[in-house]
Structure formats: C-alpha cells, structure tokens
> 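Structure below; questions to follow.
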Amino acid sequence: MAAEIQPKAQTRKPILLQRVEGSQEVVNMAVIVPKEEGVISVSEDRTVRVWLKRDSGQYWPSIYHAMPSPCSCMSFNPETRRLSIGLDNGTISEFILSEDYNKMTPVKNYQAHQSRVTMILFVLELEWVLSTGQDKQFAWHCSESGQLLGGYRTSAVASGLQFDVETRHVFIGDHSGQVTILKLEQENCTLVTTFRGHTGGVTALCWDPVQRMLFSGSSDHSVIMWDIGGRKGTAIELQGHNDKVQALSYAQHTRQLISCGGDGGIVVWNMDVKRQETPEWLDSDSCQKCDQPFFWNFKQMWDSKKIGLRQHHCRKCGKAVCGKCSSKRSSIPLMGFEFEVRVCDSCHEAITDEERAPTATFHDSKHNIVHVHFDATRGWLLTSGTDKVIKLWDMTPVVS
C-alpha cells in the first residue's frame, strides 16, 4: 500500500490573486496573457473567452465566442497572437486575436482528427501545428497552407505532447504509460525510441530544452524526470502526490518543477540538486538481511521448520526484506521520496538528517486541478479545476 503523504506546514505559500468564474462547464485549458492582466480559456461549454481585468479588479470577458463543439485544448502564441483550438469533433480552429484582445478573427480550420483533439502545439519557428487525438493519431500540419504534412499512430490515446525545436524531436505520452520520441522532417517522421517507467497512464509532459530533461506525470501519482540529454538512460522518480498528476510546468530560471494533482495538491520541486535513481528491486526467496524464508519458499520453510514471511523491499537499497528487518520508515528526498517510505533497518541508521532535508514544498489549491499554466516573467500560476473556476496565484514566495 502506498504511504500517505504528510507534508509539513509551509511558512511560505502561494498567494491567491484572483478567482475567475463564469464558465458553465469545466475549463479544459487556459493561459495567462503575457504583459497583460488577462486570461484566455477554452471550455467544455463550447466557449472561448478572453478575460481582462477591469477597473473594479474583477476579470470579465472581452471576448465570448461560441464554437460548434466542446473545446478540448488550445495553444496560444503571444508573438503572433495566434490561437489554435482543439475541438471534441476532431477539428482544429485557428484565430488571430487583436492587439487589445477585444476581437478574434477566424483564420482556418484543420480537419485533423476523427475524434476529440487531446493536445495542440503551434511551432512558430517551423510554421507547424502539432496535434494528438482520441483516434490515437499524432498529426502535424503546415500552419500557412493548412496541408497535412504527416502522421503517426500511437499505441494508445495520447495525453501529453512536447516538442524540441532544435532537434525536431516530438515527445508523446499516452494512456498506456508509454512515451514515444519521433524525429520530424518536413513531410515524414522517424521513430527514435519508446520508453516507459510508469505503472499508470501518462497524464502530462513537460520539456526543459536547456537541461534537455523530459518530465512525465502519471495516474500512478508519480513524476519521472528523464535525462534525454545525458544519453545514459537516467530516470529519476518523484513521489509527492496522493492523487494522479494532472499537469506539469517548469521554471527554467530557478530550476523548479511545479506538479499539480487531481486532489488540488501543488508540489514545487527543487531540481537544482543532485538527485539519485531509485534502485531496482532485487529478487530473493528469503530475506536478504536475516535469511528467513518468504512464504512461497516451501523447501527452506520445511528444512528450517519456520513459517514463511511476506516479502517487502527497502526503497533505499532495493533489497528483499521481511517486515521485521524493515520496521522503520524514512523520507529520502534526493531519491524523490518526500514522504516516509519503508527502508531496511541498516539503511535507516545510515540515512543522515541532511539526507532527510526536504527538496519540495506542498500546497493546496483547494480545487481539483485539470490544467495549469505558469508565467515565469511574473511568477504567476494559473490553475483550472473541475469546479469550473480558474485561479491565479502569485508563486514568487515559493518559486524563487
């Protein structure tokens, strides 16, 4: 059974700046408008809204646009003010927003997928629109001509999509728990590799192009940091949620990862520390500390006239141990365990207070999060929840 997280009380907390309310259904995605006190949102209620802060201090829609189908996702490019919206019917609709964010002009529609669009990315440098759908297809279009450039069928419905402009690698996370890396050319793609480390489906991806790290969040409550640039296959687990990880965002300037859970938990991870991989769990028919047989080891049980014991594993060394030899619990933050987990007695004695020092802080958004967007310039975090509310947070007390 997974250990319950008991985060310590935080002295520095995110500051709630604003609640933006008015959507009739869940806001599937929203972004903070750079250099403006505004928010763009797309909702299951078929609406696209641009919320601007008024003199009263409240956010009110300057644009309220109804789409022909529920809005599932979006991508906004601030430089061109191009807004790409994915719909439940498989269409991607593009608009250009006016400079004052009071008008949106239709540009074109892409018949991108046979069913609901799950993720969109607009790549300005290449003039590409990348997308995934519930039809298990990844597709990319030319944003100028609207022409389909290519596609790739994924093993399951994709729920995470990231792109590296420099290498033209696309990262696709899907519900089976697999991450697929493709190399894109103008009109074809090549499968680079696939890997998996989660026991549940991938729910979110985040890419750091500087350190060349890929972060994946999952329904198994964990985050994994994949060292793509190191080319050594290093994968670091981060255990800090009691519910599925719904969204990820990375603050490059401070090297902090923000992960948000379905239960409203916000975890801010310090990634500017040397973290350690969790060990592989070792196989054994008897306790690797006291040599007591495990319950399936009938021969040793008969020979020693002892009752077989249940097998556990030490999270620090990976050895197979019995309950008596692993009666202690400890946090191991540098291995990603911010809460106490099972360790063998010898590892418990070896872990120092310095090694137990937290590398993450825990916060409660007080709504079940479905999406986040981080504005690194101002240190603002946007969370949208199943309660149909958008919240704006000042994260500078904890992300700095």
Side-chain angles (χ1 to χ4, degrees), residues 4-10 12-33 37-53 57-61 70-74 76 118-119 159-160 200-201 203-204 206 217-223 238 240-251 256-269 338-339 360-375 378-399:
E4 282 290 309
I5 302 169
Q6 299 295 335
K8 298 179 176 66
Q10 305 299 324
R12 305 173 71 187
K13 298 180 180 179
I15 301 167
L16 180 61
L17 299 174
Q18 192 67 248
R19 290 169 56 96
V20 181
E21 303 179 64
S23 297
Q24 300 304 306
E25 297 290 344
V26 172
V27 176
N28 287 316
M29 280 196 183
V31 297
I32 300 168
V33 179
E37 291 200 86
V39 169
I40 303 169
S41 68
V42 296
S43 171
E44 203 67 30
D45 66 9
R46 305 189 178 202
T47 65
V48 181
R49 308 186 197 209
V50 179
W51 311 78
L52 296 180
K53 190 174 183 180
Q58 298 298 310
Y59 282 70
W60 292 95
C71 306
S72 53
C73 55
M74 63 174 279
F76 178 64
T118 55
M119 295 295 293
S159 47
T203 51
C206 185
S218 172
S219 58
D220 66 8
H221 307 182
S222 73
V223 177
L238 303 174
H241 287 277
N242 274 324
D243 203 339
K244 63 181 177 180
V245 178
Q246 287 283 57
L248 300 170
S249 192
Y250 188 68
Q256 288 173 290
L257 177 72
I258 302 170
S259 61
C260 297
D263 60 357
I266 299 174
V267 184
V268 181
W269 304 87
E338 291 290 331
F339 48 91
T361 58
F362 297 81
H363 314 279
D364 186 6
S365 69
K366 292 186 166 49
H367 69 163
N368 298 335
I369 295 172
V370 297
H371 175 73
V372 300
H373 177 244
F374 182 64
D375 179 356
R378 285 175 284 191
W380 287 9
L381 182 74
L382 176 151
T383 61
S384 62
T386 55
D387 56 1
K388 309 170 191 176
V389 175
I390 298 169
K391 294 183 179 181
L392 291 174
W393 306 85
D394 179 3
M395 297 295 289
T396 53
V398 292
V399 180

> Using side chain to side chain contact (heavy atoms under 4.5 Å, CB included) as the criterion, list what pairs up with M119, not counting sequence neighbours.
M29, T132, L161
> What heavy-atom pair brings T383 and W393 nearest, and what distance separates the two atoms?
OG1-NE1, 3.1 Å
> Do the side chain of Q18 and the main chain of G57 share a donor and acceptor less than 3.5 angstrom apart?
yes
> Any side-chain to backbone donor/acceptor pair from Q246 onto G385? Under 3.5 Å, distance only.
no
> Give a yes or no on whether the backbone of G201 and the side-chain of S219 come within a donor-acceptor separation of less than 3.5 Å.
yes
> Can K391 and D387 be counted as an ion pair, charged N to O under 4.0 angstrom?
no
> Shortest non-hydrogen contact from H367 to S384?
CE1-C, 3.8 Å
> How would you list, by chain and number, every residue that makes a side chain to side chain contact (heavy atoms under 4.5 Å, CB included) with V26, sequence neighbours excluded?
N28, V370
> Taking only residues two or more places apart in sequence or in another chain, which ones pass side chain to side chain contact (heavy atoms under 4.5 Å, CB included) with V33?
E36, I40, Y101
> List the atom of V399, the atom of A251, and the distance in Å for their closest heavy-atom pair.
CG1-CB, 3.9 Å
> Report yes or no: does H371 contribute a side-chain atom to a donor-acceptor pair with the main-chain N or O of A30 at less than 3.5 Å?
yes
> Which pair of heavy atoms, one from S259 and one from V245, lies closest together, and at what distance?
CB-CG1, 4.4 Å
> Is a donor on one side and an acceptor on the other found under 3.5 Å between the side chain of T47 and the backbone of R49?
no
> Please name the pair of heavy atoms, one in S43 and one in E25, separated by the smallest distance, quoted to 0.1 Å.
OG-O, 3.3 Å
